Amino acid sequence: MLVDGTVAATWTKDRTGVLTVVPLRSISAADREAIEAEALRLLDFAAPGAVHDVRFG
């Protein structure tokens, strides 16, 4: 994931609708909220009908 044009995290999605974000550096609370919102939009597209969850690991 990019934050302000630089790589800030990686992510994986499992088959149950869980997207796990692994930060590569410190992420501010505002950026974390933006990442979570974008991840939920991605899950809406990639796993429609599933219960969605975003986790930070």
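A quick note: this is a predicted structure, and the numbers were derived from the prediction, not measured.
- Residue Arg25 qualifies as enclosed at atom CZ: its count of foreign heavy atoms under 6.0 Å is above 12.
- Cluster partners of Phe45 are absent, since no Ile, Leu, Val, Met, Phe, Trp or Tyr has side-chain heavy atoms less than 4.5 Å from it.
- For the side chain to side chain contact (heavy atoms under 4.5 Å, CB included) test, no residue two or more places apart in sequence or in another chain qualifies with Ala34.
- The two residues Gly57 and Pro23 come nearest to each other via the heavy atoms O-CD, 3.2 Å.
- Judged as a salt bridge (charged side-chain N to carboxylate O under 4.0 Å, His left out), and not counting sequence neighbours, the contacts of Asp53 are Arg55.
- Without hydrogens or angle criteria, His52 side chain to Ala47 main chain gives a donor-acceptor distance under 3.5 Å.
- Hydrophobic cluster membership of Val21, counting Ile, Leu, Val, Met, Phe, Trp and Tyr whose side-chain heavy atoms lie under 4.5 Å apart directly or via other members: Met1, Val3, Trp11, Leu19, Ile27, Ile35, Leu40, Leu42, Leu43, Val54, Phe56.
- Legend: residues meeting side chain to side chain contact (heavy atoms under 4.5 Å, CB included) with Val51, ordered by chain and number and at least two apart, are absent.
- Remark: Thr12 engages Thr20 in a side chain to side chain contact (heavy atoms under 4.5 Å, CB included) (not counting sequence neighbours).
- With sequence neighbours excluded, no residue forms a salt bridge (charged side-chain N to carboxylate O under 4.0 Å, His left out) with Glu36.
- Among pairs with a residue in residues 37-51, those fulfilling salt bridge (Lys or Arg N to Asp or Glu O under 4.0 Å) read Glu38-Arg41, at least two apart in sequence or across chains.
- Partners of Ser26 according to the side-chain hydrogen bond (donor to acceptor under 3.5 Å, both in side chains) rule, which considers only residues two or more places apart in sequence or in another chain, do not exist here.
- Looking at residues two or more places apart in sequence or on another chain, you find no side chain to side chain contact (heavy atoms under 4.5 Å, CB included) involving Asp4.
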